[in-house]
Amino acid sequence: MDTYEKIIGLAKRRGFLWNSFELYGGTAGFYDYGPLGATMKRRIENIWRDIYVIGEGFYEIETPTIGIEPVFVASGHVHGFSDPMIVCSGCDSAFRADHLIEGIVEIPDTLSAPEIKQLIDKHDIKCPQCGEVGMFGDVFDFNLMFKTTIGPGTQRMGYLRPETAQGMFINFDRLFRFYREKLPFGVTQIGKAYRNEISPRQGVIRLREFTQAEAEIFINPRDKSHPRFSTVKNTVIRFYPASHQQNASEGNSGDGDKGIIELTVGDAVDRGIVAHEFLAYHLVMTNLFLTRAGIDPARLRFRQHQPDEMAHYAVDCWDAEVLTDRFGWVEVVGIADRTDYDLSSHAKHSQHDLSAVLEYDTPKQVEQIVVKPDMSLIGPLYKDKAGKVLAALKNLEEDDLSGDKISITVDGEEILIPHDVVEYETVIKEVRGENVVPHVIEPSFGIDRTIYAVLEHSFAEELVDKETRNVLRLPPEVAPVQVAVLPLLTREELINPAAEIVEMLRKSGIFVSYDDTGTIGRRYRRNDEIGTPFSVTIDYDTLDDGTVTIRDRDSMAQVRVQIGELAERINAMMRSGFDSP
RNA sequence: GCGGCUGUAGUUUAGUGGUAUGACAUGAGCUUCCCAAGCUUAUAACCCGGGUUCGAAUCCCGGCAGCCGCACCA
């Protein structure tokens with residue numbers, strides 16, 4: 001039994017993760033979070049909020065999980081998120097159609113489905129599976145987005161969002177105003193995203209419905225330094241730069257620490273390994289989040305995308321990857337500088353300006369030509385074209401005015417304008433700033449994968465008195481149950497004070513479970529297995545002197561404390577660990 | 001989506017053409033018992049549909065799901 005099976009088995013047995021729809025046989029790619037899983041997930045999301053929303057001041061927003069078609073046309077998902085597939089009728093195997101003609105055309109992914117089919121027929125491409133020629137059906141697009149329709153009647157097309165990001169991009173202008181029109185600013189969203197994977201196989205690693213936590217940080221494209229970089233520059237991170245990777249596919253091999261270098265992020269920026277401070281700062285934030293959530297730092301690395309692996313518009317992209325027993329290195333976070341791609345694309349498709357004014361420190365004095373056409377002459381001269389002539393004249397640069405006549409182009413036709421219908425003068429104008437489309441830094445977190453990795457990294461099997469003890473060493477902040485209250489025996493004289501202690505701890509905001517079944521040892525083990533960091537035991541001494549024991553999950557050590565200080569001690573231990581006597 | 005394998009309580013497992021074995025787990029109770037091992041007791045299963053048959057959980061067919069391989073993988 002490998003670790004994955006142990007973790008999924010434990011998660012299923014104890015109520016972390018369940019296959020969805022199991023009552024009706026189940027469907028791959030969907031998981032339910034059970035009572036412990038949902039609690040743990042919420043705690044991990046709250047750590048994320050603590051870092052990004054509270055720590056960085058990136059407000060959280062919430063946008064619909066269904067998007068209308070134009071949004072995903074602009075984002076590129078309608079065209080780019082689908083793969084051309086083709087099925088061989090000889091052996092019923094399905095292939096990526098564009099992959100079949102890779103050797104024939106340079107960039108197959110720019111071709112339409114019929115074009116690809118034509119090429120396949122023309123070049124007598126063989127089926128890679130059965131070797132038959134001419135058995136291929138038509139090329140069809142398989143889009144990874146779930147499609148739906150909005151409203152009755154006209155059936156407007158909608159898609160379940162494949163990422164939470166677009167909801168933030170398309171609110172850019174409102175957000176910019178909310179942040180009083182200053183760069184940089186960030187916004188976050190935690191929510192569900194959907195991808196209709198062809199064949200999800202790896203449990204919670206590849207889901208059809210999953211939770212993303214994303215931040216979009218809009219920055220000045222001319223200045224990618226980070227105002228607080230000095231506070232993080234000495235943080236050491238495990239880098240796996242592109243230049244250390246043999247090829248892009250190597251990323252998944254569980255090949256230990258090969259090629260990983262440990263560096264401070266300050267050095268990494270100085271040496272040009274990370275493109276700029278802003279990106280490096282967010283590598284640190286990601287590192288912070290993952291380790292605080294319970295990822296083992298020794299099984300975490302930041303892998304840089306190869307140039308050919310990165311989206312064409314991106315400047316630099318790093319994946320936080322965690323080492324798992326069965327799947328090797330798994331991407332849990334992607335951190336990219338997406339430049340102005342998203343905003344520019346939405347600006348173009350929506351025909352709305354999505355730029356920001358960057359104010360200069362001091363206004364610049366700029367010489368400008370002001371063209372003053374004499375419409376009383378131009379009007380009669382050009383009649384119905386006069387309007388367009390006017391617009392063209394206003395856009396002229398100084399150089400265009402030097403010839404005998406002024407040349408402009410209207411509707412593709414060159415028109416020569418005599419000088420005497422246009423007056424122009426040079427004026428000094430004060431320019432306070434300029435319009436730029438902000439660049440976007442996007443850290444994108446896969447919460448479900450993170451949860452799996454935290455479970456795997458915190459899981460340990462130990463031999464205690466020749467018995468195996470399963471223990472999840474979850475950080476107290478992440479553990480679903482924080483304290484278990486356990487009367488030593490199921491006797492009224494112990495149960496009653498135990499109930500009072502439960503009540504008291506709950507009032508101080510601690511999540512408590514109560515358990516009085518079976519032997520005490522069994523209950524400790526049960527709580528070890530779900531990661532409960534502390535157990536409080538009520539015994540006969542409690543009745544004599546008003547003390548209880550706090551038992552530490554990791555060391556199994558115990559300390560006696562007065563009931564009166566119990567809540568305070570527990571709270572302190574949740575912050576800074578068990579303090580032994 | 002294709003091929004192979006698989007499908008018995010929550011988990012694991014025995015078994016057979018006559019409705020099923022054990023273990024662990026779980027519930028109730030006992031127990032002055034601090035690290036899953038005690039005592040009593042209880043609950044709980046043959047993936048779904050069709051066929052063959054007097055009778056199917058068992059044989060046959062189909063479906064569904066899971067695992068593995070192929071393909072796919074922002």
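Chain identifiers are assigned alphabetically (A, B, ...) following the order of the sequence lines, protein sequences preceding nucleic acid strands; residue numbering begins at 1 within each chain.
Atom CD1 of A:Ile7 and atom P of B:U11 are 18 Å apart (whole Å). Here the C1' atom of nucleotide B:C24 and the CZ atom of A:Arg14 are 12 Å apart, to the nearest Å. Rounded to an integer number of Å, the gap from OH of A:Tyr4 to C1' of B:C67 is 10 Å. Note: CD1 (A:Ile495) to C1' (B:C30) measures 13 Å, nearest angstrom. In this structure, CD1 of A:Ile8 is placed 13 Å from P of B:G66, rounded to the nearest angstrom. Atom CG in A:Leu472 sits about 18 Å away from atom P in B:A36, given to the nearest Å. For the pair A:Gln202 CD and B:C68 C1', the computed distance is 13 Å after rounding to whole Å. Rounded to whole angstrom, the span from the CG atom of A:Asp516 across to the C1' atom of B:G27 amounts to 12 Å.
Heavy-atom nearest nucleotides on RNA chain B were determined for A:Phe210 and for A:Pro200, and the one closer to the 5' end corresponds to A:Pro200.
Taking the P atom of each, B:A25 and B:A36 are spaced 12 Å apart, rounded to whole Å. When the P atom is compared between B:G55 and B:A65, the two are found 31 Å apart, to the nearest whole Å. If you take atom C1' in B:A56 and the same atom in B:U8, they sit 14 Å apart, rounded to whole Å. Nucleotides B:G22 and B:G62 have their C1' atoms positioned 34 Å apart, rounded to a whole Å. Here the separation of B:G15 from B:U21, taken at their P atoms, is 14 Å to the nearest Å. If you take atom P in B:G10 and the same atom in B:G69, they sit 29 Å apart, rounded to whole Å. Taking the C1' atoms as reference points, B:A14 lies 29 Å from B:G51, given to the whole Å. Rounded to a whole angstrom, the distance from the P atom of B:U11 to that of B:C67 is 15 Å.
A:Thr517 comes within contact range of the sugar-phosphate backbone alone, with a heavy-atom separation under 4.0 Å but no base atom that close. Heavy atoms of A:Thr490 sit under 4.0 angstrom from at least one base atom. Counting non-hydrogen atoms under 4.0 angstrom, A:Asp539 reaches a base of the nucleic acid. Residue A:Arg13 is classed as having no contact, given no heavy-atom separation below 4.0 Å to the nucleic acid. Heavy atoms of A:Glu331 sit under 4.0 angstrom from at least one base atom. Within 4.0 Å of A:Arg326, counting heavy atoms only, lie sugar-phosphate atoms of the nucleic acid but no base atom. Base engagement by A:Arg551 is indicated by at least one non-hydrogen atom pair under 4.0 Å involving a base atom. Here A:Ala193 lies out of heavy-atom contact (under 4.0 Å) with every strand. Base contact: A:Leu488 has a heavy atom under 4.0 Å from a base atom.
Between the side chains of A:Ser444 and A:Glu163, no donor-acceptor pair is found at a separation under 3.5 Å.
For B:C35, the base has no donor-acceptor partner in the side chain of A:Arg553 [N/O atoms by modelled type, under 3.5 angstrom].
Sorted by first and then second residue, the salt bridge (Lys or Arg N to Asp or Glu O under 4.0 Å) pairs with a member in residues 437-447 of chain A read A:Arg338-A:Glu442; sequence neighbours excluded. Residue pairs meeting the salt bridge (Lys or Arg N to Asp or Glu O under 4.0 Å) criterion with at least one member in residues 444-456 of chain A, sequence neighbours excluded, do not occur.
With A:Glu461 as the partner, the salt bridge (Lys or Arg N to Asp or Glu O under 4.0 Å) test is satisfied by one option alone out of A:Lys6, A:Arg469, A:Arg525: A:Lys6.
Applying the side chain to side chain donor-acceptor pair (under 3.5 Å) criterion to A:Glu69, with sequence neighbours excluded, gives A:Tyr159. Considering only residues two or more places apart in sequence or on other chains, A:Glu60 meets the salt bridge (Lys or Arg N to Asp or Glu O under 4.0 Å) condition with A:Arg49. Under the rule for a side chain to side chain donor-acceptor pair (under 3.5 Å), the partners of A:Thr517 that lie at least two apart in sequence or sit in another chain are A:Asp515, A:Arg526.
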Close N/O contacts between protein and nucleotides 37-42 of chain B (under 3.5 Å):
| unit_1 | atom_1 | unit_2 | atom_2 | d |
| --- | --- | --- | --- | --- |
| B:A37 | OP1 | A:Arg522 | NH2 | 2.7 |
| B:A37 | N1 | A:Glu467 | OE2 | 3.2 |

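Nucleotide B:C46 forms a pair with no other nucleotide shown, judged by Watson-Crick or G-U wobble geometry with both contacts under 3.5 Å. Using the Watson-Crick or G-U wobble rule with both distances under 3.5 Å, B:C30 pairs with B:G38. Pair assignment for B:A56 gives none, since no Watson-Crick or G-U wobble pairing has each distance under 3.5 Å. With a cut-off of 3.5 Å on both Watson-Crick or G-U wobble distances, the partner of B:U16 is given as none. Pairing for B:C24 is with B:G10, a Watson-Crick or G-U wobble pair whose two hydrogen-bonding atom distances lie under 3.5 Å. The partner of B:G1 is B:C70, by the rule that a Watson-Crick or G-U pair needs both atom distances under 3.5 Å.
Between B:G27, B:C34, B:A36, one nucleotide has an atom nearer to the side chain of A:Asn470 than all others, and that is B:A36. Closest to the A:Tyr524 side chain, of the nucleotides B:C35, B:G66, B:G27, is B:C35.
Between A:Tyr514 and A:Pro487 the shortest heavy-atom distance is OH-CG, 3.4 Å.
Between A:Tyr52 and A:Phe445, the gap from one ring centroid to the other is short of 6.0 Å.
Classification of the A:Tyr313-A:Tyr341 ring pair by plane angle, with boundaries at 30° and 60°, yields parallel.
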